Amino acid sequence: MLRGKNILLGITGGIAAYKTTFLVRLLIKAGASVKVVMTQSASSFVTPLTLATLSKHAVLLDFVNEEDGSLSWNNHVELGLWADLMVIAPATANTLSKMAHGTCDNLLLATYLSAKCPVFFAPAMDLDMYQHPSTKETFQKLQSFGNIMIPAESGELASGLHGEGRMAEPETIVAKLTAFISDGMPLKGKKVLITAGPTHEALDPVRFLGNHSTGTMGYRLAEWAAELGAEVILVSGPTNLEASHENITTINITSAQEMYDVVHQYFGTVDVAVAAAAVADYRPKTVSDQKIKKQEGDLSISMVRNPDILKSMGTQKKQQFLVGFALETENELENAKGKLQRKNLDAIILNSLNDPGAGFGSETNKIAFIDKNLNVKTFEVKTKAEVAIDIWKEIISRIHA
Ligand code: C5P
């Protein structure tokens with residue numbers, strides 16, 4: 001999708017600048033032409049020579065350049081017009097604030113102000129800076145100008161702290177640009193319901209039975225559906241994640257029964273439903289009012305079945321395109337196909353726990369997409385963001401068919 005596109009990469013002075021070497025390589029590999037403009041401070045983190053070698057274009061730092069002993073002028077207007085897309089990554093708090101206010105004290109900012117193309121920015125900063133009200137205001141302001149934010153991710157930061165502020169991975173940035181270029185907004189006007197995360201089934205006021213689902217796959221699906229234009233209702237079990245897109249309404253629930261109730265409140269009105277949640281099949285038969293005290297000997301807990309939310313959506317299905325997940329450990333394809341038919345689905349996504357890089361907790365996944373005619377399409381191990389794009393492509397090709 002990026003083949004033949006001119007991409008202008010603006011690099012500012014943060015430690016994540018070293019990752020732009022990978023970003024340039026990925027963009028070039030995808031067939032794009034890349035030019036780099038960077039701030040002086042960025043050149044302390046990654047050398048212009050490295051980026052010039054990778055991008056096969058001179059890297060631009062200043063309005064004037066010394067070439068062969070003579071001075072030449074780097075034309076920011078020309079650069080701004082050359083680009084089909086501009087990406088500022090990493091985007092520091094300082095540069096973002098200047099962009100929000102129209103400050104123009106270096107070549108990168110002048111080029112940004114001259115750019116007529118869509119501009120993406122991928123912030124990178126420490127977690128407290130990322131959370132600061134002035135930073136949040138900057139993000140809002142830049143988005144209100146039509147710039148597209150590629151949110152930072154959570155993880156270990158250069159400071160040693162742990163939290164939100166890490167620049168999105170180069171693969172994620174490339175995936176965002178690709179989705180933007182590829183289809184525009186194929187889900188515009190569509191309503192999408194997504195379930196995500198685990199459910200917690202209470203035993204007593206302080207204990208529950210749960211599972212290891214982190215919710216990542218469901219959240220990535222929600223974000224991409226929103227990015228592709230859909231209005232998304234995300235029904236989420238307990239996770240540490242937050243969906244930040246304005247088209248996503250998140251409804252937090254705890255138990256399978258609560259998820260069932262919320263899902264059925266919305267199911268009738270949606271065009272697509274994807275059940276990515278790891279719903280507990282059983283819950284304790286009784287929930288003790290008081291903390292269960294330890295006693296001599298063993299403790300047995302009697303369990304009752306939870307409703308199968310996906311199956312009941314399958315029973316009620318009318319216009320909706322209904323997609324489930326199957327996490328299998330044996331006879332994967334056969335089990336997944338059986339589930340698709342039993343639950344009256346339009347498609348099922350198989351993750352096999354036997355595949356390295358697939359399943360719970362990992363940032364990557366390996367899937368097979370099976371449609372109701374039992375056509376099977378298998379994919380390589382990819383990041384969950386990329387998997388989400390693949391899944392939406394498959395769904396979109398079927399709902400628009
Ligand atoms: O039958 P199994 O639990 O393996 O099916 C998995 C699929 O069904 C997933 O899409 C999951 O979100 C959904 N499911 C559900 N309600 C349940 C159990 C599973 O929606 N109680």
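Numbering of ligands and ligand atoms starts at 1, following listing order. The model shown is predicted, which means the values in this text are computed figures rather than measured ones. Here, residue 1 is the first one in the sequence, and each next residue gets the next number. The figures here come from the full heavy-atom set of this structure, side chains too, leaving out hydrogens, waters and symmetry mates.
- Taking the ring centre of W224 as origin, the terminal cationic atom of K384 falls outside the region bounded by 6.0 Å and 45° from the ring axis.
- Summarising the contacts of atom 16 (N) of ligand 1 with I309, V274, N306, the nearest heavy atom is found in I309.
- Ion pairing between a basic and an acidic side chain is recognised when a charged N comes within 4.0 Å of a carboxylate O; D281 and R305 show no such pairing.
- At a 4.0 Å heavy-atom cut-off, ligand 1 touches K343 through the side chain alone.
- At least one N/O-N/O distance between A275 and ligand 1 falls below 3.5 Å.
- Ligand 1 lies within reach of A277, whose nearest heavy atom is under 4.0 Å from it.
- Counting heavy atoms closer than 4.0 Å to ligand 1, residue K339 contributes side-chain atoms (C-beta onward) but none from N, CA, C or O.
- Taking every heavy atom of P307 and a limit of under 4.0 angstrom, the matching atoms of ligand 1 come to 17 (C), 21 (N).
- Within the 6.0 Å centre-distance limit, the rings of F139 and Y130 are counted as a close aromatic pair.
- Put simply, the side chain of W392 reaches to within 4.5 Å of the side chain of L221, judged on heavy atoms.
- With ligand atoms numbered from 1 in the order given, ligand 1 contributes 10 (O) to contacts under 4.0 Å with heavy atoms of G324.
- From the protein, the heavy atom lying nearest to atom 9 (C) of ligand 1 is F325 O, 3.2 Å.
- For the residue pair N335 / N331, no side-chain donor-acceptor distance below 3.5 Å is found, with atom types taken as modelled.
- A donor-acceptor contact under 3.5 angstrom links the side chains of H76 and S114, judged on distance only.
- For N247 (side chain) and V232 (main-chain N/O), no donor-acceptor pair under 3.5 Å exists by modelled atom type.
- Of the heavy atoms in A278, none comes closer than 4.0 Å to ligand 1.
- Distances from atom 15 (C) of ligand 1 to the heavy atoms of D281, L310, T199 put L310 nearest.
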